[in-house]
Amino acid sequence: MKPAPFAYVRAENLAQVFDLLDEHGDDARILAGGQSLMATLNMRLSAPEVLIDINHIDGLSDITNDGTTLRIGALARHSQVLESADVAKMAPLIAQAMPHVAHQAIRNRGTFGGSIAFADPAAELPAVSRAIDAKILLQSRNGTRSVAANDFYLGLFETAMQPDELLVGVEVPGIADGERTAFLELARRSGDYAIVGIGVQGRIDGGTFSDMRLVFLGAGDRPILASAAADVLNGNPHNDETVAAAQAALDADLDPMSDLNGPPEMKMHLARVLTKRALTALAA
Amino acid sequence: MDQNVDITLTVNGQPVTRRVPARTNLVDFVRYELELTGSHVGCEHGVCGACTIRVDGQIVRGCLMLAAQADGAEVETIEGLSEDGSIADLQQAFHERNAVQCGFCTPGMLLTAEELLQKNPTPSREDIREFISGNYCRCTGYQAIVDAIERVANERNA
Ligand SMILES: Cc1cc2nc3c(=O)[nH]c(=O)nc-3n(C[C@H](O)[C@H](O)[C@H](O)COP(=O)(O)OP(=O)(O)OC[C@H]3O[C@@H](n4cnc5c(N)ncnc54)[C@H](O)[C@@H]3O)c2cc1C
Ligand code: FES
Ligand code: FES
């Protein structure tokens with residue numbers, strides 16, 4: 001299908017974006033990579049009056065690393081993040097998740113900020129952002145505020161971002177010495193949205209888990225930080241008993257919805273299978 | 001507000017200036033406005049890859065980018081790549097290996113294969129499968145396509 005008619009503005013700077021958001025409110029939509037937005041417009045799931053194209057605003061696509069903090073600009077393309085040595089070094093969980101995000105032609109356009117702003121519960125980057133203590137930078141006419149990823153995702157496609165705000169970047173503390181990461185997902189076709197996926201970051205020192213963070217995609221109405229499972233792991237040895245206890249604890253953490261892939265029971269099963277595999281990969 | 005946009009871009013090296021409705025996507029623009037019908041339209045929501053077009057040197061989904069967004073860009077389609085001979089070896093290999101049946105996926109498949117070989121001149125079969133994972137083919141079963149791309153990779157490295 002074709003989208004309903006709309007006007008298009010190629011914004012040149014942030015001030016212009018804020019003016020347009022003021023003027024058009026809910027009738028305007030930010031256009032970043034367009035890899036989610038254009039699909040919803042083509043299917044007429046949404047019919048905004050104005051698209052505000054932010055692709056030509058300077059300074060929004062840089063990836064910088066000052067040695068302690070990695071900063072990914074909102075307009076950094078998925079393919080740019082995938083190939084970034086700074087990302088691989090400072091945030092290996094992002095680097096491990098990125099090959100699972102869509103396909104090359106989509107990664108060439110889709111943006112890091114767009115993926116976080118869209119907040120699809122089955123998407124990799126929103127989930128990963130919760131495991132790595134990312135901070136989401138939101139700018140409006142009144143200035144910039146920073147929201148912890150763990151406070152950002154409020155519900156199904158719902159975030160703490162206000163209508164007058166633009167997501168301008170994400171800050172990630174560099175991974176600490178000795179922390180390990182693993183990312184796994186199950187999808188029908190490589191690059192499709194996951195049926196269920198898991199990201200794990202934490203320590204195994206002398207065979208004992210600590211500082212564990214487990215996040216799940218496709219397992220609820222938003223990206224989920226599985227704190228009950230992490231509590232079971234922390235302070236305990238990596239063995240079959242601990243892993244089984246963590247798998248059982250997922251009942252308290254996850255509440256998958258039924259979708260085209262299958263019923264909640266199937267997703268719970270897959271989440272437990274992935275948990276075991278991810279912990280094995282973490283220890284390897 | 002004005003629902004039309006003035007754009008100037010190059011398509012296969014030729015300068016083009018047009019006034020288009022803002023909602024026109026890039027693949028419809030090249031097909032209907034420029035009558036370059038080699039890029040195909042399948043799903044119109046980014047899943048099938050039939051609409052693959054090259055913009056500023058990189059493949060994109062022609063159905064998920066507006067023509068308005070291509071203002072100032074260098075756009076290349078299968079017609080341009082066929083004429084300049086840059087993928088003649090891939091086309092030959094697809095033909096000989098029977099990696100083309102109905103041909104609906106082929107233009108997108110060729111552009112994707114070319115970007116793979118530019119990024120990674122020595123791909124494994126697994127790398128090839130991964131890279132073309134965003135392009136559906138409903139005829140060949142993919143085996144012949146992977147064979148053809150693998151053959152060209154080997155030939156180009158010989
Ligand atoms: C076939 C297909 C498969 C895909 N598979 C995956 C997958 O496996 N995993 C995955 O994670 N994604 C997948 N995607 C989606 C892709 O990653 C998108 O690029 C991403 O979800 C959205 O980023 P975008 O830059 O394209 O945003 P857009 O589509 O431009 O925008 C999405 C939404 O976010 C808003 N927005 C965008 N940027 C900002 C900003 N800076 N500030 C405020 N609001 C903003 C827009 O207004 C819009 O509502 C897939 C897409 C397709 C078409
Ligand atoms: S028509 Fe664009 S991906 Fe299917
Ligand atoms: S040859 Fe028919 S879809 Fe690929």
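Throughout, a chain's letter reflects where its sequence line sits, starting with A, and its residues are numbered from 1.
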Please report the C-alpha distance between A:Ile106 and B:Arg61 in whole Å, then the side-chain angles of each, then the deciding distance to 0.1 Å, and finally whether the side chain to side chain contact (heavy atoms under 4.5 Å, CB included) criterion is met.
-> CA-CA 7 Å; A:Ile106 293 166; B:Arg61 296 292 205 227; 3.7 Å; yes
Between the main-chain N or O of [Y] and the side-chain N or O of [X], is there a donor-acceptor pair closer than 3.5 Å?
| X | Y | value |
| --- | --- | --- |
| A:Arg10 | B:Gln69 | yes |
| B:Arg23 | A:Phe6 | no |
| A:Asn42 | B:Glu44 | yes |

Side chain to side chain, [X] and [Y], heavy atoms closer than 4.5 Å:
| X | Y | answer |
| --- | --- | --- |
| A:Glu83 | B:Lys119 | yes |
| A:His24 | B:Met1 | yes |
| A:Arg109 | B:Met65 | yes |
| A:His103 | B:Ile132 | no |
| B:Ile59 | A:Gln104 | yes |

Looking at B:Gly46, B:Gly134, B:Cys63, B:Cys43, which makes the most heavy-atom pairs under 4.5 Å with chain A?
->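 Option with the greatest count: B:Gly134.
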Just do the side chain to side chain contact (heavy atoms under 4.5 Å, CB included) check on B:Leu66 and A:Asp53 with the steps written out, would you?
-> CA-CA 10 Å; B:Leu66 298 171; A:Asp53 185 350; over 6 Å; no
Would you name the heavy atoms of B:Ser133 and A:Arg189 that are closest together and state the gap between them?
->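 Between these two residues, the closest heavy atoms are O-NH1, 3.1 Å.
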Derivation and outcome, side chain to side chain contact (heavy atoms under 4.5 Å, CB included), residues B:Leu64 and A:Leu37 | CA-CA 8 Å; B:Leu64 298 184; A:Leu37 181 60; over 6 Å; no
